[in-house]
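As structure tokens, the structure follows; a few thoughts come after it.
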Amino acid sequence: MEQDTAFLSLSEIGRIARRIDRPLVLVGMMGVGKTTVGRKLAAMLHLPFVDADEEIERAAHMPIPEIFETYGEPYFRDGERRVIARLVGSGRHTDRKVLSTGGGAFCDEGTRTLLLDKGIAIWLDCDVDTLIERVGRKDNRPLLRTGDPREILARLKDERAPFYSQAPIHVVSGVQPHHVTANKILKAIDQWL
């Protein structure tokens, strides 16, 4: 199947932006590019961008690895759910933004239900080799500190796929510029709306 690589015009992007009536929420594995692609997507749509992990750190007054180490994952997920609920707001037109979430956020039933109800969830996906290359750039991934990153990422990807697949939009990103992936997301949103 030949991939559509044509870029949307500014007027097409504007038409799509006018149809978006709630927050766009990027979900998927750590390292898939939710933050970097999300920033590009927000700029293209002239919408605010918010990174849920940054907001969680701001609310907790500590970095995520320290939250995991000090309080554990269940505590972190509870705080994550509350912060994301605040960020998506009512889910109405006035709450439009692009929101990137942490890799495990959409696996939490309460968070997933909230995001499916009040946002437009977009599963950003890629292969394990790409994830390995991307997450190897930083040492801030608590779930990768307990063993072989390739093995952990492959297992997490398999475990989380049933949750991510509940997002109504699925876009595969690869080793390509962020604007290419953002363009693919816009086309998928346009088809879905």
Side-chain angles (χ1 to χ4, degrees), residues 22-126 131-149 152-153 155-157 159-160 163-164 166-167 173 178 181-182 185:
R22 57 199 142 161
L24 298 177
V25 184
L26 298 177
V27 303
M29 288 291 294
M30 66 181 90
V32 77
K34 297 179 301 285
T35 299
T36 51
V37 171
R39 288 184 198 285
K40 184 66 177 174
L41 182 64
M44 291 169 77
L45 292 167
H46 301 288
L47 291 174
F49 172 78
V50 181
D51 182 306
D53 284 350
E54 290 176 5
E55 294 298 316
I56 291 163
E57 290 182 340
R58 188 173 291 121
H61 304 289
M62 65 174 63
I64 289 173
E66 192 175 321
I67 298 170
F68 265 77
E69 187 178 308
T70 305
Y71 301 106
E73 187 173 357
Y75 177 90
F76 170 78
R77 296 294 172 209
D78 185 53
E80 178 181 56
R81 186 179 324 104
R82 289 193 313 270
V83 168
I84 289 174
R86 176 177 53 81
L87 294 173
V88 296
S90 66
R92 291 193 297 265
H93 191 355
T94 55
D95 295 315
R96 293 183 332 141
K97 63 179 64 84
V98 175
L99 173 65
S100 71
T101 62
F106 205 66
C107 301
D108 178 88
E109 184 178 358
T111 303
R112 185 174 58 257
T113 299
L114 171 78
L115 293 176
L116 290 171
D117 182 47
K118 298 192 181 288
I120 299 172
I122 302 151
W123 174 17
L124 193 55
D125 194 9
C126 71
L131 292 176
I132 289 290
E133 191 274 321
R134 290 178 180 166
V135 300
R137 297 177 192 160
K138 295 188 236 174
D139 183 32
N140 65 343
R141 311 285 184 169
L143 295 178
L144 297 181
R145 292 180 176 174
T146 59
D148 176 51
I152 293 168
L153 284 169
R155 177 181 50 78
L156 286 173
K157 190 172 186 325
E159 288 172 1
R160 293 175 174 182
F163 302 111
Y164 295 151
Q166 293 177 46
S173 92
H178 305 310
T181 303
I185 292 170

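Every heavy atom of this structure was used, including side-chain atoms; hydrogens, water molecules and symmetry mates were not.
For the pair D53/E57, no side-chain contact is recorded, criterion being any heavy-atom separation below 4.5 Å from C-beta on. Residues M30 and L156 have side chains in contact (heavy-atom distance under 4.5 Å, counting atoms from C-beta outward). Taking the side chain as every heavy atom from C-beta outward, L26 and V32 never approach each other to under 4.5 Å. Residues L24 and I185 have side chains not in contact (no heavy-atom distance under 4.5 Å, counting atoms from C-beta outward). With a 4.5 Å cut-off on side-chain heavy atoms, T101 and T111 do not count as touching.
A distance of 4.0 Å separates CZ in F76 from CD1 in I56, rounded to the nearest 0.5 Å. Atom CD of E73 sits about 8.5 Å away from atom CD of E80, to the nearest 0.5 Å. Going from atom CZ of R112 over to atom CD1 of I84 covers 12.0 Å, rounded to the nearest 0.5 Å.
When all heavy atoms of C126 and L131 are compared, the closest pair comes out as SG-CD2, 3.5 Å. Taking all atoms of both residues into account, the shortest heavy-atom contact from R22 to K118 is CB-O, 3.6 Å. When every heavy atom of A182 is checked against every heavy atom of V37, the shortest pair comes out as N-CG1, 4.1 Å. Across all their heavy atoms, G119 and V25 have their closest contact at CA-CG2, 4.4 Å. The two residues L124 and S173 make their nearest non-hydrogen contact at CD1-CB, 4.0 Å. When all heavy atoms of A167 and V27 are compared, the pair lying nearest together is CB-CG2, 4.3 Å.
Residue pairs meeting the ring-ring contact (aromatic ring centres under 6.0 Å, His included) criterion with at least one member in residues 94-123, sequence neighbours excluded: W123-Y164, W123-H170. For residues 24-37, the set of pairs meeting the salt bridge (Lys or Arg N to Asp or Glu O under 4.0 Å) definition, not counting sequence neighbours, is empty.
Not counting sequence neighbours, the partners of R81 by the side-chain hydrogen bond (donor to acceptor under 3.5 Å, both in side chains) test are D78, D108. With sequence neighbours left out, K157 forms a side-chain hydrogen bond (donor to acceptor under 3.5 Å, both in side chains) with D125. Checked against side chain to side chain contact (heavy atoms under 4.5 Å, CB included), E54 has the following partners two or more places apart in sequence or in another chain: R39, D51. The side chain to side chain contact (heavy atoms under 4.5 Å, CB included) check on P48 picks up K97, with sequence neighbours excluded.
Taking 4.0 Å as the cut-off between side-chain N and carboxylate O, E55 and R58 count as a salt-bridged pair.
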Evaluate side-chain contact (heavy atoms from CB on, under 4.5 Å) for R96 paired with L45, printing each intermediate quantity in order. CA-CA 10 Å; R96 293 183 332 141; L45 292 167; over 6 Å; no
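Just one of L99, L41, T35 meets the side-chain contact (heavy atoms from CB on, under 4.5 Å) condition when paired with F49; it is T35.
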